[in-house]
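Taking it in order: structure first as structure tokens, then the write-up.
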Amino acid sequence: MRQSLILAVVIAAAAASASAQAPKLLFRDIRQEAGITFQHHAAPEKKYIVESMSGGVALFDFDNDGLLDIYLTDSLTVDTANDPKAARSALYRNLGNGKFADVTAKAGVGHPGWAMGVCVADVDGDGFRDVYVTGLGRNYLYRNNRNGTFTDIAEAAGLTGGGWSTGCGFADYDRDGRLDLFVTRYVKLDLKKLPEFGKGKTCEFRGVAVQCGPRGLPGDSDFLFHNDGNGRFSEVSTAAGVHDPHEYFGMGVAWVDVNDDGWLDLYVANDSGPNFLYINQKNGTFKDQAFPLGVAVSEDGGEQGSMGIAVGDYTHTGRFSFYVTNFAEEYKALYLNEGTHFTDVSFRSKTAASSLPYVGWGTAFLDYDNDGWEDLIAVNGHVYPQLDKTRSGAAAGYRQKKLLYRNRGDGTFDDVGAQYGTIFTEERVSRGLALGDIDNDGRVDVVINDLDGSPQLLHNELAATGNWLIVKLKGKGKNTDAIGATVRIQAGAQRAMRLVQSGTSYISQDDTRLHFGLGKATQVDALEVRWPDGTSTKLGAVKANQILPIAQQ
């Protein structure tokens with residue numbers, strides 16, 4: 001009897017221990033069961049830099065049925081560059097039952113050539129979202145025809161660009177009611193005169209021959225397209241002061257009002273060079289203040305290989321801060337907005353050290369557990385497949401894990417990815433990342449576009465989460481999604497703020513609906529929308545756990 005009792009106690013203790021050690025389920029990759037068969041086409045050896053950078057993703061509702069659809073960009077290779085149909089970007093329609101249908105052929109958005117990134121906006125103000133795709137050679141503006149099809153109007157609109165475009169984002173920077181467009185460019189590249197693989201000082205890494213660049217290659221200027229209101233855009237980057245005369249290697253884009261003066265400013269991530277923070281002068285021009293404001297370089301003054309940008313008020317101070325993903329051995333940078341300047345708090349926040357081995361790309365602030373505090377996610381992957389030849393010990397290889405940081409609410413974060421199983425420990429070569437609630441259950445889901453494989457559709461299945469609110473804005477006039485608007489809420493003692501953005505993460509697009517975790521609060525006591533034109537809307541006593549539409553009056 002006693003032995004049986006002891007055995008029962010031992011078994012119970014072992015079961016309890018196993019349960020305690022078992023990882024919690026946060027995200028589950030439902031790509032296969034959802035019917036997403038897309039594969040990104042990339043040259044396996046990545047002998048040229050242009051073959052290692054693509055992979056944007058957009059989450060947006062193209063048919064206005066209330067469900068988020070998915071667009072994934074694909075790229076060509078040097079060997080297939082003359083065949084624009086060798087790569088196939090893909091549009092998947094959300095069917096609302098956990099399944100997605102490939103509607104690329106009908107939609108007509110499958111072959112934008114050597115595609116890089118994507119951003120979304122209702123450019124013509126007809127209530128349906130249009131899609132802008134950046135790439136090598138030219139860019140595409142797919143106008144939504146409101147019947148499940150799209151038409152490329154980039155040439156007629158003056159938006160084809162040229163060269164090698166990467167990031168993009170729409171915003172009404174001059175507050176004339178029309179959406180303008182900023183586009184970053186990376187390096188000048190002639191496919192007929194490519195630098196020879198492994199030849200030269202900038203073409204080796206740790207003694208191993210690799211692709212050349214970006215250092216050692218000529219950079220390129222950026223574009224600012226002003227919406228003239230007649231279906232045409234004018235390129236005004238030089239007159240506006242944002243053309244980048246130094247021709248740095250432009251990547252991520254974020255339109256955000258950093259000084260709370262009601263005018264959108266522009267933050268630009270540059271690879272291997274100082275970042276830009278263009279402050280809006282309210283007269284159609286901008287002034288770069290990245291150095292005096294503290295967001296140009298690392299804490300010790302070093303230039304970093306910056307890729308993606310996340311924007312969030314993770315401290316509940318009512319000011320937007322930046323998180324920037326960087327190259328390996330250059331920590332990912334967290335810049336805290338102090339009101340008059342930014343402070344690099346990367347090490348103080350306990351996020352820097354664990355990020356050092358990885359090459360970071362897509363990133364976002366997200367409240368994955370609805371506790372009211374914005375957490376951080378970043379996806380990683382190197383650019384050199386040859387790196388695995390030199391890998392030893394704990395060094396990161398070509399394929400790399402994701403990073404997930406839980407906000408402690410005191411300005412610091414815990415690295416918690418390992419607590420949530422193989423989703424975060426599995427090594428991939430990731431690029432673009434986009435956020436959105438694909439099934440409208442109040443939990444944030446994540447879509448990631450990977451090189452050398454299939455994308456990931458990460459459905460949030462965390463069992464214990466707080467209450468939530470999703471705000472869907474409808475602006476008046478041409479800016480129907482109210483891009484550039486902010487929403488501030490108060491729920492009990494908790495305050496939070498979100499921003500409607502076009503162009504997010506690394507060359508990608510989040511859902512423009514705004515998600516708030518509310519913790520135990522069952523209602524939002526006060527909600528204020530600050531619309532792009534400077535007007536505001538205030539609401540009180542908003543019930544939790546709903547998608548709340550708010551139209552500008």
Side-chain angles (χ1 to χ4, degrees), residues 49-50 53-54 56 114-119 121 132-141 154 157-174 179-189 213-215 217-227 233-256 258 264-281 284-291 295-297 303-309 311 322 324 483 501-509:
I49 191 169
V50 71
M53 311 290 284
S54 175
W114 202 315
M116 281 289 298
V118 56
C119 55
Y132 191 75
V133 180
T134 63
L136 179 65
R138 61 154 293 183
N139 304 329
Y140 290 73
L141 174 59
L159 292 175
T160 54
W164 182 3
S165 299
T166 49
C168 62
F170 288 91
D172 179 11
Y173 73 86
D174 55 357
L179 289 173
D180 313 297
L181 173 66
F182 184 79
V183 178
T184 54
R185 291 195 291 179
Y186 196 54
V187 301
K188 293 186 176 78
L189 199 70
R215 292 190 184 276
L217 299 179
D220 213 343
S221 59
D222 300 326
F223 293 129
L224 178 61
F225 296 101
H226 178 263
N227 189 333
F233 289 73
S234 298
E235 207 289 301
V236 298
S237 60
T238 300
V242 297
H243 65 295
D244 179 13
H246 303 290
E247 296 186 335
Y248 293 135
F249 312 123
M251 302 287 266
V253 173
W255 287 102
V256 52
V258 298
L264 289 173
D265 310 300
L266 177 62
Y267 191 49
V268 179
N270 290 314
D271 186 3
S272 305
N275 299 326
F276 296 131
L277 179 52
Y278 296 113
I279 299 300
N280 196 325
Q281 303 299 295
T285 69
F286 295 80
K287 184 177 181 180
D288 179 24
Q289 295 286 287
F291 273 104
V295 293
V297 292
E303 298 174 351
Q304 296 179 298
S306 298
M307 279 55 147
I309 303 171
V311 177
F322 296 126
V324 181
I483 290 169
Q501 292 180 271
S502 168
T504 53
S505 183
Y506 170 71
I507 61 174
S508 294
Q509 175 70 58

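Residues Ala157 and Leu141 approach most closely at CB-CD2, 4.4 Å, considering heavy atoms. The two residues Gly252 and Thr184 make their nearest non-hydrogen contact at O-CG2, 4.4 Å. Considering every non-hydrogen atom in both Glu235 and Phe223, the closest pair reads OE2-CA, 3.5 Å. For the pair Gln501 and Val311, the tightest heavy-atom approach, listed with the atom from each and the gap, is NE2-CG2, 3.8 Å. The two residues Asp265 and Tyr278 make their nearest non-hydrogen contact at CB-O, 3.3 Å. The heavy-atom pair separating Pro274 from Glu303 by the smallest distance is CD-OE2, 3.4 Å.
Under the 3.5 Å distance criterion, the side-chain polar atoms of Asp271 are left unmatched by any main-chain donor or acceptor of Tyr186. No donor-acceptor pair closer than 3.5 Å links the side chain of Asp222 to the backbone N or O of His243. Of the possible polar contacts, one joining the Asn280 side chain to the Leu264 backbone as a donor-acceptor pair under 3.5 Å is found. Distance alone, capped at 3.5 Å, places no donor-acceptor pair between the Ser502 side chain and the Ala171 backbone. Checked by atom type and distance alone, the side chain of Thr134 never pairs as donor or acceptor with a backbone atom of Gly167 at under 3.5 Å. Between the side chain of Ser54 and the backbone N or O of Ala115, at least one donor-acceptor pair lies under 3.5 Å. Side-chain N or O atoms of Tyr132 include one that pairs as donor or acceptor with a backbone N or O of Leu159 at under 3.5 Å. Panel note: side chain Asn139, backbone Gly161; no donor-acceptor pair is recorded below 3.5 Å. The backbone N or O of Val295 sits less than 3.5 Å from a side-chain atom of Tyr267, completing a donor-acceptor pair. Side-chain atoms of Asp220 do not come within 3.5 Å of backbone N or O of Lys188 as any donor-acceptor pair.
Ring geometry, Phe233 versus Phe170: the interplanar angle exceeds 60°, so the pair is classed perpendicular (tilted spans 30 to 60°).
For the atom pair Leu277 CG and Leu266 CG, the distance stands at 8.0 Å (nearest 0.5 Å). Note that NE2 of His226 is 13.5 Å distant from OG of Ser237, once rounded to the nearest 0.5 Å. Rounding to the nearest 0.5 angstrom, the gap separating the CG atom in Asp174 from the CG atom in Asn227 is 9.0 Å.
Counting only heavy atoms from C-beta outward, the side chains of Tyr173 and Phe286 approach each other to under 4.5 Å. Annotation: side chain of Met53 is not in contact with side chain of Thr166 (no heavy-atom distance under 4.5 Å). For the pair Arg185 and Ser221, the minimum side-chain heavy-atom distance is below 4.5 Å. Residues Asp180 and Trp255 are not in side-chain contact: their nearest non-hydrogen atoms beyond the backbone lie 4.5 Å or more apart.
Annotation: Phe276 is in aromatic contact with Tyr248 [ring centroid separation under 6.0 Å].
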Verdict with reasoning, Ile279 to Val258, per side chain to side chain contact (heavy atoms under 4.5 Å, CB included): CA-CA 8 Å; Ile279 299 300; Val258 298; 3.7 Å; yes
Asn270/Asn275 under side chain to side chain contact (heavy atoms under 4.5 Å, CB included): CA gap, chis, key distance, verdict: CA-CA 5 Å; Asn270 290 314; Asn275 299 326; 4.0 Å; yes
